[in-house]
Amino acid sequence: MKHDDIPKAYEPGSIEPHWARVWVEEKLFTPEVAARHRTPDKGTYSLAIPPPNVTGSLHMGHMLEHTQIDILMRWRRMQGYRVLWLPGTDHAGIATQVIVERQLAEEKLTRQQLGRDEFERRVWAWKAESGDTIKKQMVRLGTSCDWTRERFTLEPALYQAVLEAFLRLYREGLIYRGRYMINWCPRCHTALSDLEVEHSEREAKLYYIKYPVLGTEYSVTVATTRPETMLGDTAVAVHPEDERFRHLVGKRALLPLMKREIPIIADEYVSREFGTGVVKITPAHDPNDFEVGRRHGLPEIDVMDNEARINEQGGAYRGLDRFAARKKVLADLEAQGLLEKVEPYRHAVGACQRCKTLLEPKISEQWFCQMEPLAKPAIEAVRCGLIKIVPENWEKVYLDWMERIHDWCISRQLWWGHRIPVWHCNDCRALTPARDSRVEMVDARPQPASAPETCQQCGSRRLTQDPDVLDTWFSSALWPFSTLGWPDDTADLRDFYPTTLMINGFDILFFWDARMIMTGLKFIPQEAMEARIPFRTLYIHALVRDAERQKMSKTRGNVLDPLVVTEEYGTDATRFTLAIMAAPGSDIALSADRLRSYRAFANKIWNAARFLFINLEKFEAAHGELPDVSPLAWRMALPLDLDLADRWIFSRLERATGVMNLALEGFRYHEAAHVIYHFFWHEFCDWYIEWVKPKLTDENLEVAKVAWRVLFAVFDEALRLLHPFMPFLTEELWHRLPGCAQLGSISLQDFPLSRPEWANYQAEQEMALVQDAIVALRNIRAKMKIDARHHVPGELATSDQAVLALFRGHRQAILRLANLSAL
RNA sequence: GGGCGGUUAGCUCAGCGGUAGAGCAUCCCGCUUACACCGGGAAGGUCGUCCGUUCGAAUCGGACAUCGCCCACCA
């Protein structure tokens, strides 16, 4: 070996791609391959990746998540578990469709012009083109996934899982179709689930409008924020016990502008305190009014089309956009003297999560999934502790939501996704589901293979498949078991399910985690609940924010490209930064300062290694032989009669090891990272290496050899502790250590376990004293200008025990003296 | 309207019952043959406010202030 050519500065760019490639080529992260290198098998440890959007690319949020997962995966793998981290991507229905539609728009095309088949082909083409961007990026970043098991939510096997789940829920009546009020996005032209609505407070106006009461000379005044919806009013309501209006109940009012007679009804829903105590009822355009309308059998007059323009039900306002209609309605009311007053009003409105367009509540025929029967066991599983949510406060959030859960609108008026496997009869309109869950490839796209041939009600052969696709989260909900082969009873499913862990951000706690728990409990054919849960522990990580503390996310434009950051600072340093800043519960504001300082840490490690290598060469040159410093040798033959600094460094190493293992058990990445950082830099480098320097060249060859062996022992252990955090650097250095290359990858070596016999409190106390002494002496010398140069610890260790004894006797006095600037 | 989280050194944040910590920035001294992406030293905080529990509180309880987030069908 020749180490003269080791660069002084660590250059991550020159080694990372190499190891990234080797790891994948050797399939080290395929559990069966890894197991061949390891004998004691501690059982399986598995995690199904939160699948990124297939057409997306990595942002810092991914990198944080993947770093946190990867640290635990590598740590457990080193501990001897058969670790499976199953990667894959999500077809991401609406997100992906929007991207392709945007591309079409550049060609001045719409998907409608293209037609459904051609549009789907375009999306598949786009997927083929950009679908493995994420994978390439993850491989480059060393993410230790088992790429031989990669999955995609729209591939045939997972399509089959979706069909199986849908058909079972459908047959049991848990999936139903009906006309209800849903959230409609006038831009995306699709229904959305409640979760996809973003509420935000806005300044608005409260308009007070007079409705004449028929057969009297007076009128009632209603208050509304959306006057244009009055075109669809079918009643006016008051509280049943409101004395002010009791006499009006049963009378009729004349709906202004539309000249329609509508009843005045009484309903508990009306609040006597708000507004005027009289409410206009628009069953087709407000969720509350919808309920009231159904209770009283009121007509539901939908006055808007899918673009939120007034339709033919809106009389003179037909064709106007909802906001234009509002202006005109107000102007007309004003002209007729029916607009009593306008007040400023602040309230929350709902917008489309995807495109931020204001949503329109709309009555629509959609598919729903009944939630209560699924939620009950999912609540139970968390409440009884079978599934642990960390940090604990999220458990309460989860339970609160689950206990007030509403039915889930699962149909989307999109073309990209799993099409609903139910056919409509063109003759009798009855519904007939696919006969089974088999999937076939038609035109390179997976489709249900067993379409019904005849209507199950009238026997007609004229059937049309429902045009809608399923909410993208429907397939995600099955992810932990669909990726392992369900509905088939596969070896992987038996081996790795339930998965050990799930790690994701709180933003998908309801969207995803809750639904995985419900579906796992529903579909896994095991008796015991503990065998059906999708994961045993759910760790909710914080979000990465940019310097302005803005949330980084797929839909916002402020994403930081991890590849750019890692290019500048190195993947290991970036990972370390994310880990050491990842205290549970608080968000991370990524800063260049921190990245720089942990790049310096990587450099420090590199140079400590460089010191070892260079001086080992010098030793060989001087003595014509090498001390045996391979891990095999030092583990067999560490001497018992070590001196103070040796006993001290082993004691500190043992402490670091113990704390790191405990911290990682509890997802306290920051604590683990702090411990190894401090140990490596400020104990191993600043004190220990300085201390042993003289010994390494001791005239007594045996003394020198022991020093070398201890030095490498500690360094080797430190590299292993560091490996989950800095896989590239440690892998590179491990391979350069004498005798290590032939042992294979560091990722398959043992992670250091706690060795309590190494803890040595006495050595730590003595060492603290010595360190004080050295610092004091250095200060005194510097201040007295006895010697311009500062002295390394080793000088004291080897030559000046008498000074130490003196110091021991007069510690306080010397320390005081040392700090006197008067000297 | 409910719920959650933050408020600690100039900046960004750890600590969460026993004499205030890190990184960066600042000041002083050192280019000692691993590393100036370095080494040594120093300065800097009555831990948002008030009340309480305790021998003892940044750390536990309560109130308040302030910032942020999540959930929510009062038009």
Side-chain angles (χ1 to χ4, degrees), chain A residues 3 6-10 181 194-195 197-199 206-208 222-227 229 237 269-282 286-292 345 347-348 350 361 391 393-394 396-397 400-401 404 406 506-507 509-510 542-543 545 547 549 551 569-570 573 577 580-583 585-615 618 668 670-671 673-674 677-678 681-682 685-686 689-690 693 774-775 778-779 781-783 785 787-792 795 818-819 821:
Chain A
H3 292 105
I6 301 177
K8 276 190 166 190
Y10 173 49
M181 178 136 289
D194 295 344
L195 281 176
V197 181
E198 271 184 7
H199 294 275
L206 198 53
Y207 303 93
Y208 289 78
V222 301
T224 180
T225 53
R226 298 193 304 150
T229 63
Y269 147 71
V270 181
S271 156
R272 275 168 283 186
E273 295 75 37
F274 189 87
T276 59
V278 185
V279 187
K280 63 192 266 313
I281 300 296
T282 322
D286 180 276
N288 289 312
D289 295 7
F290 175 76
E291 296 295 331
V292 174
Y345 183 61
H347 73 141
N393 61 299
W394 293 109
K396 191 173 172 318
V397 177
D400 282 353
W401 187 74
R404 300 191 327 256
H406 301 315
F506 61 80
D507 50 337
L509 178 61
F510 307 142
L543 300 182
R545 318 191 90 102
R549 313 213 105 259
K551 190 161 130 188
Y569 300 99
T577 308
I580 205 163
M581 296 183 78
S586 56
D587 289 346
I588 294 172
L590 199 57
S591 78
D593 269 356
R594 283 301 197 93
L595 286 163
R596 264 196 298 275
S597 74
Y598 299 116
R599 177 180 59 190
F601 180 47
N603 191 244
K604 187 74 181 175
I605 298 165
W606 177 260
N607 277 289
R610 189 164 172 269
F611 169 80
L612 264 58
F613 296 141
I614 290 173
N615 286 285
K618 287 185 182 165
R668 296 188 304 277
H670 68 302
E671 192 179 328
H674 268 294
Y677 178 90
H678 185 261
W681 199 318
H682 299 300
C685 290
D686 287 353
I689 290 185
E690 295 306 325
K693 273 178 181 173
I774 292 171
V775 169
R778 271 202 288 238
N779 280 357
R781 280 173 165 163
K783 282 164 185 165
K785 310 272 188 234
D787 191 336
R789 299 192 343 178
H790 290 174
H791 293 263
V792 295
E795 181 194 4
N819 285 317
S821 50

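Note on naming: letters A, B, ... go to the chains in the order of the sequence lines (proteins, then strands), and numbering restarts at 1 for each one.
- Closest approach to the A:Val270 side chain among B:G23, B:C35, B:A75 is made by B:A75 (side chain taken as heavy atoms from C-beta onward).
- In this pair, A:Phe274 and A:Tyr345 present their aromatic rings perpendicular. The plane angle is above 60°, beyond the 30 to 60° band.
- Side chain of A:Trp606 to main chain of A:Ile6: no donor-acceptor pair is present (N/O by atom type, distance under 3.5 Å, no hydrogens or angles).
- A:Glu690 places its CD atom 9 Å from the P atom of B:G39, with the value rounded to the nearest Å.
- The interatomic distance linking A:Trp394 (CH2) with B:G3 (P) rounds to 16 Å, in whole Å.
- Between A:His670 and the phosphate of B:G15, there is a side-chain N or O to OP1/OP2 separation shorter than 4.0 Å.
- Between the C1' atom of B:C37 and the CD1 atom of A:Ile605 lies a distance of 12 Å, rounded to the nearest Å.
- In this structure, A:Lys604 is not positioned above the aromatic face of A:Tyr677 in the sense of NZ or CZ being under 6.0 Å from the six-membered ring centre and within 45° of the axis.
- At B:A75, one or more side-chain N or O atoms of A:Tyr345 fall inside 4.0 Å of OP1 or OP2 (strictly under the cut-off).
- Side-chain atoms of A:His199 lie closest to B:A72 of the nucleotides B:A72, B:G39, B:C37.
- Between A:Lys618 atom NZ and A:Asn615 atom CG the span is 5.0 Å, to the nearest 0.5 Å.
- Checked by atom type and distance alone, the side chain of A:Asn607 pairs as donor or acceptor with a backbone atom of A:Lys8 at under 3.5 Å.
- Across all strands, A:Tyr269 comes closer than 4.0 Å to base atoms (heavy-atom distances).
- For A:Trp681 and B:G39, the shortest distance from a side-chain N or O to OP1 or OP2 is below 4.0 Å.
- Here B:G23 presents its P atom at 17 Å from CZ of A:Arg599, a figure rounded to the nearest Å.
- When heavy atoms are screened at a 4.0 angstrom cut-off, A:Ser271 is found touching base atoms of the nucleic acid.
- As rounded to whole Å, 20 Å separates atom P of B:G30 from atom CG of A:Asp686.
- On the P atoms, B:G23 is 38 Å away from B:C55, given to the nearest whole Å.
- Between B:C73, B:U33, B:C74, one nucleotide has an atom nearer to the side chain of A:Lys618 than all others, and that is B:U33.
- Distance check: A:Asp507 CG to A:Leu195 CG gives 11.5 Å after rounding to the nearest 0.5 Å.
- Listed candidates were B:A72, B:A75, B:C35. Nearest to the side chain of A:Arg404 is B:A72.
- Annotation: B:G61 and B:U54 have their P atoms spaced 16 Å apart (nearest Å).
- Atoms CG and NE2, from A:Asp686 and A:His678 in turn, are 8.5 Å apart once rounded to the nearest 0.5 Å.
- A straight line from CD1 of A:Ile580 to P of B:U12 spans 19 Å, rounded to a whole angstrom.
- Across the C1' atoms, B:G56 and B:U19 are found 11 Å apart, a figure rounded to whole Å.
- Counting atom types as modelled, A:Lys604 pairs a side-chain N or O with a base atom of B:C35 as donor and acceptor under 3.5 Å.
- The residue A:Asp593 sits close only to the backbone: its heavy atoms come under 4.0 Å of sugar-phosphate atoms, none of a base.
- When distances are taken from the side chain of A:Ala223 to each of B:A75, B:G23, B:A34, the shortest belongs to B:A75.
- Ranking B:C74, B:C35, B:A34 by closeness to the A:Phe274 side chain, first place goes to B:C74.
- Taking atom P in both B:G40 and B:U32, one finds a spacing of 15 Å when rounded to whole Å.
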Read 5' to 3' with Watson-Crick or G-U pairs under 3.5 Å, [ ] for crossing pairs and | for partners on another strand, RNA chain B gives ((((((((.[[[[.)..(..]]]].(((((.......))))).....[[[[[..)....]]]]])))))))....
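- A:Leu509 contributes atom CG, which lies 7.0 Å from atom CH2 of A:Trp394 (distance to the nearest 0.5 angstrom).
- Position along RNA chain B of the nearest nucleotide to A:Thr276 versus A:Asn393 favours A:Asn393 as the more 5'-ward residue.
- Listed nucleotides: B:A34, B:C69, B:A75. Nearest to the side chain of A:Lys693: B:A34.
- Taking the side chain of A:Arg594 as heavy atoms from C-beta on, and the options B:A22, B:C37, B:A34, the nearest nucleotide is B:A22.
- Between B:C74 and B:G68, the two P atoms lie 22 Å apart (nearest whole Å).
- Residue A:Ala348 is in base contact, counting any heavy-atom pair closer than 4.0 Å across all strands shown.
- In this structure, A:His199 NE2 and A:Asp194 CG are separated by 7.5 Å, a value rounded to the nearest 0.5 Å.
- For A:Lys396 and B:C70, the shortest distance from a side-chain N or O to OP1 or OP2 is not below 4.0 Å.
- For A:Asn615, whose side chain is taken as the heavy atoms from C-beta onward, the closest listed nucleotide among B:C4, B:A34, B:A75 is B:A34.
- In this entry the distance linking CD of A:Glu671 with P of B:G23 reads 17 Å, nearest Å.
- Of the charged side-chain nitrogens involved, none lies within less than 4.0 Å of a carboxylate oxygen, so that A:Arg404 and A:Asp400 do not count as a salt-bridged pair.
- B:C24 and B:C64 have their P atoms separated by 41 Å, given to the nearest Å.
- Comparing B:G44 with B:G6, their P atoms sit 29 Å apart, to the nearest whole Å.
- Considering only side-chain atoms of A:Asn288, the nucleotide from B:A34, B:G23, B:C73 that sits closest is B:C73.
- B:G15 and B:U7 are spaced 15 Å apart, taking the C1' atom of each and rounding to whole Å.
- Look at NE2 on A:His674: it is 14 Å from P on B:G21, rounded to the nearest Å.
- Toward the 5' end of RNA chain B, the nearer of the two residues A:Val397 and A:Pro287, judged by each one's closest nucleotide, is A:Val397.
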